[in-house]
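Heads up, the thing below is written out as structure tokens.
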Protein chains: 2
Amino acid sequence: MEIEDQIALLVEHINKDVTLSKTGIKKLSSILQFKTLHKKELLIEPGSTANTMNFIVQGAMRSYYLDENGQEHTLQLGIEQWWINDLYSYLSGKASRMYVQALERTWLIQLPKTELEELYHHVPEVSNFFRIKIQSAYVALQERVIENMSEDAYERYNNFRNTYKNIEQRVPQYIIASYLGVTPEFLSYLRKKHS
Amino acid sequence: MEIEDQIALLVEHINKDVTLSKTGIKKLSSILQFKTLHKKELLIEPGSTANTMNFIVQGAMRSYYLDENGQEHTLQLGIEQWWINDLYSYLSGKASRMYVQALERTWLIQLPKTELEELYHHVPEVSNFFRIKIQSAYVALQERVIENMSEDAYERYNNFRNTYKNIEQRVPQYIIASYLGVTPEFLSYLRKKHS
DNA sequence: ACGGTTTCTTAAGTTAGCTTAAGTTTATTC
DNA sequence: GAATAAACTTAAGCTAACTTAAGAAACCGT
């Protein structure tokens, strides 16, 4: 995809929440970086530090955590026009304990933290935009804590299918299981039972 | 407790993360409100909107969610010098779906949202302080999602005891169970088994 | 189009955590 | 300081979800 088109997509996305001026768009454009990941490639891994915000132009990604037993726990999934990151590492500046991985060949627009924070002073709408995004990340997490505590696996699976309608088909089932917090075998069993 | 002493506590707490000037402290002081809650009294309930930040001067509080089966799920616990709120409602301005309740007779300092946001412009250290607090709230939530997915109930109970050392003794066990996501009976069983 | 890898399914046996119910201890209140 | 309410324990029976293992299906890559 042309870089111009990629930028247009990002601007359109941001304009859903705030209103960017012409000069705001120009200044924003000047800090953007473009990156392509092939399937299974890692953007972030434990020990590295997240120093960009990452917008998915095309493709699919996930962030996951590997526990002491080697079990994967998917925290976030995203496709076109979602943001993907380890916000913990990005916000705190500390080393990540997570993996952020491409699930397909993926095109990203990256906003480096230093430049972005500088940009906040000149284009406050961008600052507002990310404040809104981080708030909704918080809300989504809280939603998930509540859901995990009050619903059984099949209810959570149904919620997932509603929330991530377009994503379900593109992501292997064992990753969905690791997002829901069940084994792939058990998810397979649930699907059969309720079909 | 004297109001002067309460303010001193709050200022001392904020000064752990940022540095307030004399005039900053003065401006901050001018927007504070003071509230006392008796045991079991609700600060926020479903339908109401959180429009203050709440600092616990003395006492203990929790936030919890009531699911469709009438089951309580405790999301946050706090004692002296913790902040307690439904951040979702505060940040979004939408009606809360949670309860925020005093577990003992509790003294709060409240910072009304409108005044606080105005204050941000004049005392940016206060703005920084709350940005830091909201980030750590996010991090704590993510920690919890990971923990709930990768640890069994007894491990989570031990984590809880480490993280909330001083709180455990002051909070009924059934509330701790509702925080951990297990029944009170099962927590009781675990405690006996490992004692 | 074939061979290998990755993903998904099925099923039997097991376990962590739940439900119900009754009894006991600990707090509150008047 | 009794009376009542709130919180905690114990135990039996149950169920959701896990483990292990093996086979089937889908999906690459050359």
Side-chain angles (χ1 to χ4, degrees), chain A residues 37-42 59-60 62 64 67-74 77 99 101-106 147-161 167-195, chain B residues 37-42 59-60 62 64 67-74 77 99 101-106 147-161 167-195:
Chain A
L37 298 166
H38 55 73
K39 189 171 176 172
K40 298 208 172 165
E41 189 175 349
L42 293 172
R62 68 156 170 161
Y64 67 97
D67 75 18
E68 316 76 49
N69 311 315
Q71 212 100 37
E72 288 181 6
H73 302 282
T74 298
L77 288 167
Y99 297 85
Q101 182 193 45
L103 301 172
E104 311 171 350
R105 188 152 171 65
T106 296
E147 233 179 74
N148 282 336
M149 291 201 299
S150 49
E151 293 175 2
D152 69 19
Y154 188 65
E155 288 173 324
R156 295 203 304 277
Y157 176 55
N158 269 331
N159 285 160
F160 174 86
R161 295 172 78 181
I167 298 191
E168 198 197 352
Q169 296 75 3
R170 285 164 69 176
V171 173
Q173 208 166 287
Y174 77 90
I175 287 181
I176 297 176
S178 88
Y179 178 94
L180 296 174
V182 300
T183 58
E185 294 85 355
F186 189 57
L187 179 55
S188 176
Y189 160 79
L190 286 178
R191 281 161 52 88
K192 186 183 184 194
K193 183 176 158 199
H194 291 93
S195 65
Chain B
L37 298 166
H38 56 73
K39 189 169 175 172
K40 299 207 172 164
E41 190 174 349
L42 294 172
R62 68 158 169 159
Y64 68 97
D67 74 19
E68 317 74 50
N69 310 315
Q71 213 99 36
E72 287 180 6
H73 301 283
T74 298
L77 288 167
Y99 297 85
Q101 181 193 45
L103 300 173
E104 310 171 352
R105 189 154 172 63
T106 296
E147 234 179 71
N148 281 335
M149 290 201 300
S150 50
E151 293 176 2
D152 69 18
Y154 188 67
E155 289 173 323
R156 296 204 304 278
Y157 175 55
N158 270 332
N159 285 161
F160 174 86
R161 294 171 77 181
I167 298 190
E168 199 196 353
Q169 296 76 3
R170 284 163 69 175
V171 173
Q173 208 166 289
Y174 78 90
I175 287 181
I176 296 176
S178 88
Y179 178 95
L180 296 174
V182 298
T183 58
E185 293 86 354
F186 189 57
L187 179 54
S188 177
Y189 160 79
L190 286 178
R191 280 161 52 87
K192 186 183 184 193
K193 182 176 158 197
H194 291 94
S195 66

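Within every chain, numbering begins at 1; the chains are lettered A, B, ... in the order of the sequence lines, protein sequences first and strands thereafter.
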Polar contact flag, side-chain donor to acceptor under 3.5 angstrom, A/R191-A/Y157: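 Result is yes, a qualifying pair exists.
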Please state whether the phosphate of D/dA17, meaning OP1 or OP2, lies under 4.0 angstrom from any side-chain nitrogen or oxygen of A/T183.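 For D/dA17, neither OP1 nor OP2 has a side-chain N or O of A/T183 closer than 4.0 Å.
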At less than 4.0 Å, is any side-chain N or O atom of B/Q71 found next to OP1 or OP2 of C/dC18? Yes or no.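 Checking B/Q71 against C/dC18: no side-chain N or O falls below 4.0 Å of OP1 or OP2.
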Could you tell me how the ring of A/Y99 sits relative to the ring of A/Y64: parallel (under 30°), tilted (30 to 60°) or perpendicular (over 60°)?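 Aromatic pair A/Y99/A/Y64 classed parallel.
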For the residue pair A/Y154 and A/H194, categorise the inter-ring angle as parallel (less than 30°), tilted (30 to 60°) or perpendicular (more than 60°).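 Rings of A/Y154 and A/H194: parallel, as their planes differ by under 30°.
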Go through the steps for B/L103 and B/L77 under the test side-chain contact (heavy atoms from CB on, under 4.5 Å), then give the verdict. CA-CA 9 Å; B/L103 300 173; B/L77 288 167; 4.0 Å; yes
Round to the nearest Å and state the distance from [X] atom [atom1] to [N] atom [atom2].
X	N	atom1	atom2	answer
B/M149	D/dA17	CE	C1'	16 Å
A/Q169	C/dC8	CD	P	13 Å
A/L180	D/dA16	CG	C1'	15 Å
B/I176	D/dT9	CD1	C1'	16 Å
A/L103	C/dT7	CG	C1'	14 Å
A/Q173	D/dA24	CD	C1'	14 Å
B/L187	C/dT19	CG	C1'	16 Å
A/Y157	D/dA16	OH	P	18 Å

Rounding to 10 degrees, work out the angle separating the end axes of the helix from C/dA1-D/dT30 to C/dC30-D/dG1 (five pairs an end).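 Helix axis angle between the two ends: 70°.
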What N/O pairs connect the protein and nucleotides 3-6 of chain C at under 3.5 Å? Give each pair on its own line.
none

Identify each atom pair where a protein N or O and an N or O of nucleotides 21-30 of chain C are less than 3.5 Å apart, giving names and distance.
residue : atom : partner : partner atom : Å
C/dT28  : OP1  : B/K39   : NZ           : 2.6

Identify whether the distance between the nearest side-chain nitrogen and carboxylate oxygen of A/E151 and A/R156 falls below 4.0 Å.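 No, no charged N to carboxylate O under 4.0 Å.
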Before accepting this row, confirm whether a basic side-chain N of the pair B/K39/B/E104 lies closer than 4.0 Å to the acidic partner's carboxylate O.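 Result for this pair is no, no salt bridge flagged.
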Let me confirm one number: the [atom1]-[atom2] distance from [X] to [Y], rounded to the nearest 0.5 Å.
X	Y	atom1	atom2	answer
A/L180	A/N158	CG	CG	10.0 Å
B/Y189	B/T183	OH	OG1	11.5 Å
A/I176	A/L187	CD1	CG	7.0 Å

Kindly write out the residues that satisfy salt bridge (charged side-chain N to carboxylate O under 4.0 Å, His left out) with A/E41, not counting sequence neighbours, or none if the list is empty.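 Expected list: none.
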Salt bridge (charged side-chain N to carboxylate O under 4.0 Å, His left out) with A/E185: which residues, sequence neighbours excluded?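 Scan of A/E185 (salt bridge (charged side-chain N to carboxylate O under 4.0 Å, His left out), adjacent residues dropped) gives none.
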Of the nucleotides C/dG17, D/dC18, D/dC8, which has the atom closest to the A/F186 side chain?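 Output: D/dC18.
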Stepwise side-chain contact (heavy atoms from CB on, under 4.5 Å) test for B/H73 and B/S178: CA-CA 5 Å; B/H73 301 283; B/S178 88; 5.7 Å; no
Under the 3.5 angstrom rule, does the side chain of B/D67 hit a backbone N or O of B/N69 as a donor-acceptor pair?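 Looks like yes, one N/O pair under 3.5 Å.
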Would you confirm whether A/R105, through its side chain, and A/A60, through its main-chain N or O, come within 3.5 Å as a donor-acceptor pair?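 No, A/R105 side chain to A/A60 backbone: no donor-acceptor pair under 3.5 Å.
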Of all of residues 188-195 of chain A, which get a heavy atom below 4.0 angstrom from DNA chain D, listed by number?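 The answer is none.
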